[in-house]
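Note that the structure is predicted; figures quoted are calculated from it, not measured.
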Amino acid sequence: MVLGRAVVTGNAYQRGYETPTTQGLDMLTGALERGGMSANGRPEEFRENRCQSSKLNPLFRKHVKPKKQHEIQQLGKVVKKLSEITRCDQVVDIGSGQGHLSRFLAFGLGLSVTAIEGDGRLVDMATKFDRELVWALEKEQAGQAKVNGISLRGPSHVAGWVDPQAPWREFLLPPQRGKDTGRLLLTGLHACGDLSVALLRHFTRCPHVVAMTSVACCYMKLTTQEDAWVAGLPGHSLSYKAREVACHAVEDYALRLRSESPALRTHCYRATLETLIRAADPAKRRLGVQTSNKAHQLAFEEYARLGLQRVGLDPAAPLDRACVDAMLAQQQNVVAFFSLALLLAPLVETLILLDRMIYLQEQGFQCRLIPLFNPSFSPRNLVLVAAKAGLDPALSTLAGED
């Protein structure tokens, strides 16, 4: 498994499940699970405009897709509450990307935020978006428009990698070393692969970190090196395919099946392309190939040309038409196989997330999995919330709010 002991009992998966926790975390859950959903499966905040969240200030909607708008508004609410009950001085956003969450936490909720991102291009983009927001805010204020609840203090962006194996002192940012660091709250919105593991490890090891929220994704990118105890368990490991399937959206796929969506063709396209790639170069396996957002609308020849080019193969290589046609004729079988695999996706995600909860609980920390997002709208919808021991009085005083 990923962390700690892989011990799971019962059918825990319900897109959110009950586990023994403190009263404070129970109240936090109650305050956040009451978000409404509209009849079409989208959050209520998109009832009037499918692309603009009514709960998010327009300043924070620019450059942000509807799904991300929903996520940063919901997770921001969790982080804000957790920072208050744990009296955290600073929030560290790990894997911050273009800074959408950090921007909302800092400008929108008034938190002191440090955003850490390994891709320097994304850091530059996040800084640019911050400047645009400040410019828009100053423009509104110059026009005597009333802007309520917006802070002029933005996040600090840092380009750097977070190593899950590094000592906790190396995790602290250079400006924080050698001084009173204060309390830190770690957060990660869809931290990819080992990045979510790094977040958990630094939460447990660093004495300055008192709370965390983690929304994981890309389970297939996890490093799966087990300790001797775990490796000795029968059936302890999860294959790459199992972890990859756990990243797919069961709810969205069910809608596609019911409507017999033409997009189902994409699975057969991708399976055929994978066969062609491995035939050309057996060393190229499990490569991410993003050809088009509407790949099913392409002729397979065009889809294959784009895909081969993306993985560094000759896009003009001739295709065996008879062989390709035979594979494309298996579309129904491919869809059936993928459907059966997706039936196990919730179970695999449950194993991974409960393993992480057990890892935290074995060390005496309070934790809870909260189904925070609408799973049809945002498939990786579970947030793991944790706090260090000794915070029971503060957590128990949290009042439930809608």
*Determine whether more than 12 heavy atoms belonging to other residues, nucleotides or ligands lie under 6.0 Å from atom NZ of K241.*
yes

*Just wondering, are more than 12 heavy atoms of other shown residues or ligands nearer than 6.0 Å to NZ in K67?*
yes

*Using atom types as modelled and distance alone, determine if a side-chain donor or acceptor of R153 lies under 3.5 Å from a backbone N or O of V113.*
no

*Which pair of heavy atoms, one from L59 and one from A136, lies closest together, and at what distance?*
CD2-CB, 3.7 Å

_Residue pair L360 / A386: nearest heavy atoms and the distance that separates them_ = CD1-CB, 3.9 Å

*Counting only N and O atoms by type, is there a donor-acceptor contact under 3.5 Å from the side chain of R256 to the main-chain atoms of L264?*
no

*Heavy-atom donor-acceptor pair, Y269 side chain to L298 backbone, under 3.5 Å*: yes

*Sidechain-backbone polar pair: R61 side chain, Q52 backbone, donor-acceptor under 3.5 Å*: no

*Does the side chain of R47 come within less than 4.5 Å of S54's, by heavy atoms?*
no

_Could you work out, with ring pair (Phe, Tyr, Trp, His ring centres under 6.0 Å) as the rule, every residue matching Y219, not counting sequence neighbours?_
none

*Could you state the interatomic distance from NZ (K128) to NE2 (H157), rounded to the nearest 0.5 Å?*
13.5 Å

*Stepwise side chain to side chain donor-acceptor pair (under 3.5 Å) check, S196 with R356*: CA-CA 10 Å; S196 59; R356 294 179 180 187; 3.1 Å; yes

Please report, to 0.1 Å, the donor-acceptor pairs under 3.5 Å made by any side chain of residues 329-336, with sequence neighbours excluded.
unit_1: Q330; atom_1: OE1; unit_2: N333; atom_2: ND2; d: 2.5

*Would you mind reporting whether D314 and L308 have side-chain heavy atoms less than 4.5 Å apart?*
no

*Partner of V210 under side chain to side chain contact (heavy atoms under 4.5 Å, CB included), chosen from L82, L185, T86*: T86

_Check whether K55 reaches the backbone of Q73 with its side chain - one donor and one acceptor, N or O, closer than 3.5 Å._
no

_Minimum side-chain heavy-atom gap H190-E71 below 4.5 Å_ = yes

*Closest contact, heavy atoms only, T187 versus L105*: CG2-CD1, 4.4 Å

_Any donor-acceptor pair under 3.5 Å from E117 side chain to L122 backbone_ = no

*Step by step, work out the side-chain contact (heavy atoms from CB on, under 4.5 Å) result for M125 and H63.*
CA-CA 11 Å; M125 192 174 297; H63 307 297; over 6 Å; no

*Short side-chain to backbone donor-acceptor contact, Q69 and V64, under 3.5 Å*: yes

*Counting N and O atoms only, with roles assigned by atom type, does the side chain of Q309 sit under 3.5 Å from a partner on the main chain of P315, one being a donor and the other an acceptor?*
no

_What verdict does the side-chain contact (heavy atoms from CB on, under 4.5 Å) test give for Q90 and H208, after you've listed the backbone C-alpha separation in whole Å, the side-chain angles of each residue and the deciding distance to 0.1 Å?_
CA-CA 10 Å; Q90 304 172 65; H208 299 284; over 6 Å; no

*asked:* If I take atom CG from residue L382 and atom CD1 from residue I352, how far apart are they, to the nearest 0.5 angstrom?
replied: 12.0 Å

_Check: S378 side chain, N381 main-chain N or O, donor-acceptor pair, under 3.5 Å_ = no

*Can you check whether Q74 reaches V383 side chain to side chain, under 4.5 Å on heavy atoms?*
no

*asked:* Tell me which pairs pass ring-ring contact (aromatic ring centres under 6.0 Å, His included) where either residue lies in residues 97-126, with sequence neighbours left out.
replied: F60-F104

*For a side chain to side chain contact (heavy atoms under 4.5 Å, CB included) with S96, tell me which candidate from I94, D93, V92 qualifies.*
D93

_To the nearest 0.5 Å, what is the distance between CD1 on I370 and OG1 on T213?_
9.5 Å

*How many angstroms lie between atom SG of C323 and atom CG of L328, to the nearest 0.5 angstrom?*
9.5 Å

*Measure the OG1-CG distance between T350 and L344 for me, rounded to the nearest 0.5 Å.*
11.0 Å

*Would you indicate whether Y240, at its atom OH, is surrounded by more than 12 heavy atoms from other residues, nucleotides or ligands within a distance under 6.0 Å?*
yes

*Could K81 and E84 be called an ion pair, given the rule that one side-chain N must be under 4.0 Å from one carboxylate O?*
no

*Is there side-chain contact between H296 and Y303, with at least one heavy-atom pair below 4.5 Å?*
no

*So V245 and L342, side-chain contact (heavy atoms from CB on, under 4.5 Å) or not? Walk me through it.*
CA-CA 6 Å; V245 164; L342 275 186; 4.1 Å; yes

_For C88, is there any backbone N or O sitting under 3.5 Å from a side-chain donor or acceptor partner on R183?_
no

_Show the nearest heavy-atom pair for residues L369 and L354, with the distance to one decimal._
CD1-CD2, 4.4 Å

*Counting only heavy atoms not in K284, do more than 12 fall under 6.0 Å of its NZ?*
yes

_Would you say that V209 contacts T204 through its side chain, given a criterion of any heavy-atom pair below 4.5 Å between the two side chains?_
no

*Give the minimum heavy-atom separation between L319 and A304, together with the two atoms involved.*
CD1-CB, 4.3 Å

*Does any non-hydrogen side-chain atom of M327 lie less than 4.5 Å from one of F300?*
no

_Spacing of I277 atom CD1 and T272 atom OG1 [to the nearest 0.5 Å]_ = 11.0 Å

*R103 and F129: side-chain contact (heavy atoms from CB on, under 4.5 Å), yes or no, with the steps?*
CA-CA 9 Å; R103 193 170 305 111; F129 291 163; 3.2 Å; yes

*Which atoms form the tightest heavy-atom contact between S83 and L111, and what is the distance?*
OG-CD2, 3.5 Å

*Side-chain touch P66/R50, heavy atoms, less than 4.5 angstrom*: no

